[in-house]
Trainee: 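Quick one: structure below, then a few questions.
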There are 2 protein chains.
Amino acid sequence: MSVFLEKIASRGYKITPPRRLILKVMEEKKVPLTAEDIAREIKKERPEISLATVYRNLNLLVEMDLVNKFHGGGEAALYQLSWEHEHYMICLICGKVINLTFCPLKEEINDVALQYDFMIKSHYFQINGYCGACKQKSGIGG
Amino acid sequence: MSVFLEKIASRGYKITPPRRLILKVMEEKKVPLTAEDIAREIKKERPEISLATVYRNLNLLVEMDLVNKFHGGGEAALYQLSWEHEHYMICLICGKVINLTFCPLKEEINDVALQYDFMIKSHYFQINGYCGACKQKSGIGG
DNA sequence: CCTCTAAATGATAATAATTCCTATTTAGAT
DNA sequence: ATCTAAATAGGAATTATTATCATTTAGAGG
Ligand SMILES: [Mn+2]
Ligand SMILES: [Mn+2]
Ligand SMILES: [Zn+2]
Ligand SMILES: [Zn+2]
């Protein structure tokens, strides 16, 4: 059983077909997906699963910190498994996501935290811009 | 005339009462605001200005890179003037904000952007944690 | 295995955020 | 002062997300 399903079970939540499928889809596609993306994919196997169930479960997964929720170019939120501490660059036009292989937060921040007696619990970083393809299409100077 | 209005004019856009007021509100309140926040404030002086106009102009300002758009905890997008390129640490309990005197984004990011032919347009950064006072009150290990 | 029940779901209504539409107004160029 | 493209007001439409509620079901306990 996947580590995600185990965590769900260990917290007393039930392992249901929608939950299995949502996690399967997110594991297979590695990129951030909207709730609709996930619902569309799931419906290929189980058309009766409703979008509301996808939203409900994504919210649960976010609350359990198993999934990260953030916004790219579009209006709909993006969801991605939080295997690890990750950061992205996001194209404001096509929504393409480039995962960073390192944390772009300067270590210097720890000095400031110490100085103010501030305990850093989490950080969120979002880098917006234009991917190569969209730059060309829209004639933005590169 | 404010630097924002000048930029608007220099690009051939007209300087209108809604545009003046939107910028005035954003300059006065320094914190990120939703479109509704801005509309509500503006309506105190000019009740006839419509929410749609606020959205239209915020989109224009974002496109012109004069305003940053991002999402916080809630559903609605947040908007903030981008002239003061600033970052904060925010206490999750009392909301205290500590301004950083430097940008905590590693310069290394530029190498990655170059590598992927990605043009960085803006970045949003939030550091959450507990301030000294709240740490003590709630007995969180420091 | 059965039974039972709280948890979860599906279908759909409701809400909230944002964009679209169109008749009317207006900023600013001439 | 005149003119016109740009901008606006007001409201409808569209999306994203959440709420409601009748029905189903996962999994605990016998
Ligand atoms: Mn990081
Ligand atoms: Mn910065
Ligand atoms: Zn792109
Ligand atoms: Zn605090």
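Everything quoted here is computed from the prediction, not taken from an experiment.
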Trainee: Using a cut-off of less than 4.0 Å, is there contact between a side-chain N or O of A:T53 and OP1 or OP2 of C:dG10?
Mentor: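 Yes.
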Trainee: Quick check on DNA chain C: between B:A35 and A:E48, whose nearest nucleotide comes earlier from the 5' end?
Mentor: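 Closest to the 5' end, via its nearest nucleotide, is A:E48.
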Trainee: Of the options D:dT17, D:dA7, C:dA17, whose atoms approach the side-chain atoms of B:E36 most closely?
Mentor: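 My answer, after comparing the listed nucleotides, is C:dA17.
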Trainee: Whole angstrom is fine here: how far is it from CG in A:L33 over to P in D:dT17?
Mentor: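 Atom CG in A:L33 sits about 13 Å away from atom P in D:dT17.
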Trainee: Could you give the CG-to-P distance, from B:L51 to D:dA13, as a whole number of Å?
Mentor: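 These atoms are roughly 17 Å apart.
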Trainee: What is the distance, rounded to the nearest whole Å, between atom CD1 of A:I8 and atom P of D:dA26?
Mentor: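 That distance rounds to 14 Å.
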Trainee: Using whole Å, what does the distance between atom P of nucleotide D:dA7 and atom CZ of B:R11 come to?
Mentor: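 Between P of D:dA7 and CZ of B:R11: 13 Å.
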Trainee: Quickly work out the B:R46 CZ to D:dA7 C1' distance and round it to whole Å.
Mentor: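 Going from CZ in B:R46 over to C1' in D:dA7 covers 13 Å.
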Trainee: Within the 4.5 Å heavy-atom criterion, are A:L23 and A:L61 side-chain neighbours or not?
Mentor: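 Heavy-atom side-chain distance check passes, below 4.5 Å.
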Trainee: When you compare the side chain of B:L33 with that of B:K29, does any pair of heavy atoms fall below 4.5 Å?
Mentor: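 SC-SC contact between B:K29 and B:L33 confirmed.
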Trainee: Between A:K43 and A:E48, does at least one N-O distance fall below 4.0 Å, as a salt bridge requires?
Mentor: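 Salt bridge: no.
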Trainee: In this structure, how many angstroms lie between the P atom of C:dA17 and the OH atom of B:Y79, rounded?
Mentor: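 After rounding, the reported distance stands at 11 Å.
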Trainee: Report the distance from atom CG of B:L61 to atom P of C:dT18, rounded to the nearest whole Å.
Mentor: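 Value for this atom pair: 15 Å.
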Trainee: Do the side chains of A:K24 and A:E45 get close enough for a salt bridge, i.e. N-O under 4.0 angstrom?
Mentor: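 Looking at A:E45 together with A:K24, the answer is yes, because their closest N to O distance falls below 4.0 Å.
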Trainee: Would you indicate whether the side-chain heavy atoms of B:I98 and B:I127 approach each other to under 4.5 Å?
Mentor: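 The answer is no, as the side chains (C-beta and beyond) never meet within the 4.5 Å cut-off.
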Trainee: For B:N99 versus B:Y88, what's the shortest heavy-atom pair and its separation?
Mentor: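 Residues B:N99 and B:Y88, closest heavy atoms: ND2-CE2, 3.5 Å.
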Trainee: Sugar-phosphate atoms are those with a prime plus P, OP1 and OP2; base atoms are the rest. Using that split, label each nucleotide of nucleotides 22-30 of chain C B, S or - for protein heavy atoms under 4.0 Å, 5' to 3'.
Mentor: -----BS--
Trainee: Specify the separation, in whole Å, of atom CG of A:N59 and atom P of D:dT17.
Mentor: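 After rounding, the gap between these two atoms is 9 Å.
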Trainee: Would you tell me if any nitrogen or oxygen in the side chain of A:Y55 comes within less than 4.0 Å of OP1 or OP2 on D:dT17?
Mentor: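 For D:dT17, OP1/OP2 do have a side-chain N/O of A:Y55 under 4.0 Å.
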Trainee: Any side-chain heavy atom of B:F70 sitting closer than 4.5 Å to one from B:Q80?
Mentor: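 Yes - at least one pair of side-chain heavy atoms lies under 4.5 Å apart.
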Trainee: For B:G12 and for B:P47, locate the closest nucleotide of DNA chain D by heavy-atom distance; then report the residue assigned to the nucleotide nearer the 5' terminus.
Mentor: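 The residue whose closest nucleotide sits nearer the 5' end is B:G12.
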